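Encoded as structure tokens, the structure appears first; notes follow it.
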Amino acid sequence: MNSRLQLYPLPRIGVALVLGIVFGDFFHAYLPTFLWLLCTLVGLLAYFLSRRKPLLQSEVLLGCVFLLGSWLVNVRENRLEFIDTQKETTFQGVVISKPIIRGKVAMLDMLVVDNHHPIKIQTSMMWDSTRKKHLLPEIGSGLLVQSRIKPFVQKDSLSNFHVVRWAQVQGYRGQTFIDDEKWQYSVVSLSTLSLFQRARLSAMKWRNLLVKSFPMEADDSSNIAIVAAMTLGDKSGLSQTTKKLFSITGSSHVLALSGLHLGILYAILMFALSRRKKHILSQMMVILAIWTYVLLTGLPTSLVRAATMFTILGLVSLAHRSAYTINSLSLAAIIMLVANPLLLWDIGFQLSFSAVFAILFFFQWLKNWGFNPHTILQKAFATFVLLPIAAQLGTFPLVLYHFGLFSSCFLLSNLIVVPAAMLIIFGTLLSFVLWFIPFLRSLIFVAMGEIVRWLQISLSFIASIPYSSVSGIRISELQVILIYLLIISILGIVHHLLKAIDNRRKLKTICLGHVNISFR
């Protein structure tokens, strides 16, 4: 048991960090931030003084990580305290997200740049539906606004959605509603923005231009919206009908950029750039390319996790070692949580890490029982059947908790959406490569349009199957933990049954061997 713990040190550190973040968040209103820092420093001193006792030193280290998590979450929450201006004020801001029209309101994110440190606010603007969409503010537009910035307030809801926590995770400092006559375009200085904020803003502008360049002008605008969501993470054009269709069939993960999308891109880049003589150079180029793509798509949590793991994979592969382990996953989580402890409450973070952990655990469990796919059929079975089952086992309790929905046809849906996503991502990348050959580029988008059309037809058929999904489920945090414990218990029981059967088979073989020897 101790040897296994020594083999996986990073998961223990990750668990200590998570517990510290939860503990520090719970006592945020009761204990001052400096106290957590003081305790962390005392813990570090105890760590160095206990170097002659390795076991004690290890326990002290975990305690230091616990205290560090508590201190980090307190610092982060202090920086993100909500703003309430009490009355209307005039301020300048720059648009940092693509506006989404919902009825008579346009929703967008804005950075207020009047202060030394820009603040992010969620903005709702009155918008007359008779106006043309091209008159909407675009990403990078400067605005002069007169409105009141208000804090987020938790409202009574039948769902488990916590708007205050969601706002903190997204980095909002407040929200505002702007009347039609109380805003105008303005030249805004971006000098107060950090280098990272400017780079992200430029990347979002480029993404918007790339989406506009998609020539899939058809009667059904959902085609281009699905392609934009699958490839560039722009979900602003997705209709509620499309979102509901993918959600009911358990296919929402292909619309939200994740490790699947980045894995396809990584495989294509490695195939195109990998050279044995220039292995280090090719790995650096691939890592740079995937992080550029992550920045271009707006740094979604699931992609950051995947990019961090692929970076670890690239660096560790230089030493000819495997990076797809629980240790590498834990390292990715530790890096992200140290950078932003509030990601622990991000739905994308929870689903992404629970899915990958379940996949690694499940496939390692199968490998221990001799399942190691080599043939094309075995790899296809593992990719399209076993992998979705493992990911579903890891995520469905969280999906029930956050969305109250369970798709019973997720396996059938994945057999369709995963190959379709592969073709769409490859086709989009190929269209960028063939940018200067309009004829071939148009053919590629025609083909992708057909793929999207048949994808929607197939998912509509699956959604029409009786009991294809169960909605309206509501469970508590305790029930989520109990479901995970039940899954682990079932796997443990199956493991011991298989082990007992295997031991009986070995014992029978040994007995038969002794019988044969005795009759000779």
Side-chain angles (χ1 to χ4, degrees), residues 11 13-31 33 36 65-83 109 119-122 151-175 252-253 256-259 298-306 308 329-330 332-358 394-405 473-484:
I13 295 176
V15 170
L17 182 64
V18 168
L19 292 176
I21 291 172
V22 174
F23 193 82
D25 173 74
F26 184 80
F27 288 99
H28 172 69
Y30 307 102
L31 298 176
T33 303
W36 294 112
V65 173
F66 176 89
L67 294 170
L68 177 65
S70 299
W71 175 65
L72 288 173
V73 74
N74 274 267
V75 171
R76 189 74 178 186
E77 290 182 348
N78 288 338
R79 291 178 180 176
L80 291 176
E81 288 183 352
F82 294 134
I83 295 173
D109 293 338
I119 60 174
K120 181 181 178 183
I121 60 173
Q122 186 186 59
F152 285 84
V153 179
Q154 183 65 41
K155 299 179 180 179
D156 294 334
S157 175
L158 295 178
S159 68
N160 291 316
F161 180 70
H162 301 280
V163 65
V164 173
R165 177 62 72 189
W166 171 83
Q168 289 179 325
V169 171
Q170 299 301 319
Y172 291 118
R173 298 291 303 280
Q175 57 183 333
S252 297
H253 60 282
L257 296 181
S258 62
L299 294 169
T301 304
S302 54
L303 268 196
V304 173
R305 189 274 310 160
T308 303
L329 180 66
S330 301
I334 292 169
I335 292 172
M336 294 177 67
L337 289 175
V338 169
N340 183 5
L342 293 179
L343 282 177
L344 184 62
W345 288 274
D346 181 72
I347 298 175
F349 180 91
Q350 296 174 6
L351 293 176
S352 179
F353 276 92
S354 59
V356 177
F357 178 82
T395 59
F396 90 87
L398 291 172
V399 172
L400 289 179
Y401 175 76
H402 289 295
F403 307 108
L405 179 70
I473 304 171
R474 188 180 182 187
I475 59 176
S476 64
E477 292 91 340
L478 177 61
Q479 288 172 316
V480 172
I481 296 173
L482 292 176
I483 291 174
Y484 275 119

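From a predicted model like this one, the values you see are computed outputs, not experimental measurements. The basis for the numbers below is simple: all heavy atoms, side chains too, and nothing from hydrogens, waters or symmetry mates.
In this pair, Trp36 and Phe23 present their aromatic rings perpendicular. The plane angle is above 60°, beyond the 30 to 60° band. The aromatic rings of Tyr30 and Phe27 sit perpendicular, their planes meeting at an angle over 60°, well past the 30° parallel limit.
In this structure, Ile121 and Ile83 have side chains that are not in contact, with every pair of non-hydrogen atoms separated by 4.5 Å or more. You'll find the side chain of Phe152 reaches within 4.5 Å of the side chain of Gln175, heavy atoms only. Side-chain contact between Val153 and Phe82 is absent, with no heavy atoms from C-beta onward closer than 4.5 Å. Looking at Trp345 and His162, their side chains never come closer than 4.5 Å, going by heavy atoms from C-beta outward. Taking the side chain as every heavy atom from C-beta outward, Phe349 and Val304 never approach each other to under 4.5 Å. Looking only at side-chain heavy atoms (C-beta outward), Asp346 and Gln170 come within less than 4.5 Å of each other. Here the side chains of Val73 and His28 are not in contact, with every heavy-atom distance at 4.5 Å or above. Counting only heavy atoms from C-beta outward, the side chains of Val338 and Leu17 approach each other to under 4.5 Å.
Side-chain atoms of Gln122 do not come within 3.5 Å of backbone N or O of Gly174 as any donor-acceptor pair. With hydrogens and angles disregarded, no donor-acceptor distance shorter than 3.5 Å links the side chain of Arg474 to the backbone of Tyr401.
Summarising the geometry, atom CG belonging to Asn340 is positioned 3.5 Å from atom CZ belonging to Arg76; distances are rounded to the nearest 0.5 Å. The CE atom of Met336 lies 8.5 Å from the CZ atom of Arg305; values are rounded to the nearest 0.5 Å. Note: Leu337 CG to Leu72 CG = 9.5 Å, rounded to the nearest 0.5 Å. To the nearest 0.5 Å, atom CD1 of residue Ile473 and atom CG of residue Leu400 are 5.0 Å apart. Here Glu477 contributes atom CD and Leu482 contributes atom CG; the two are 11.5 Å apart, rounded to the nearest 0.5 Å. Rounding to the nearest 0.5 angstrom, the gap separating the CD1 atom in Ile334 from the OG1 atom in Thr308 is 12.0 Å.
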Q.
Before you tell me yes or no, could you show the steps for Ser354 and Tyr484 under side-chain contact (heavy atoms from CB on, under 4.5 Å), namely the whole-Å CA-CA distance, both residues' side-chain angles and the distance that decides it to 0.1 Å?
A. CA-CA 11 Å; Ser354 59; Tyr484 275 119; 4.2 Å; yes
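Of all non-hydrogen atoms in Ile475 and Pro397, the two that sit nearest each other are CD1-O, 3.7 Å. What you find for Gly24 and Ser70 is that their closest heavy atoms are N-OG, 3.6 Å. Shortest non-hydrogen contact noted between Thr395 and Ala355 is CG2-CB, 3.6 Å. A pairwise comparison of heavy atoms in Val356 and Leu329 identifies CG1-CD1, 3.7 Å as the closest pair.
For Arg165 and Asp25, the salt-bridge test passes: some basic side-chain N is under 4.0 Å from an acidic carboxylate O.
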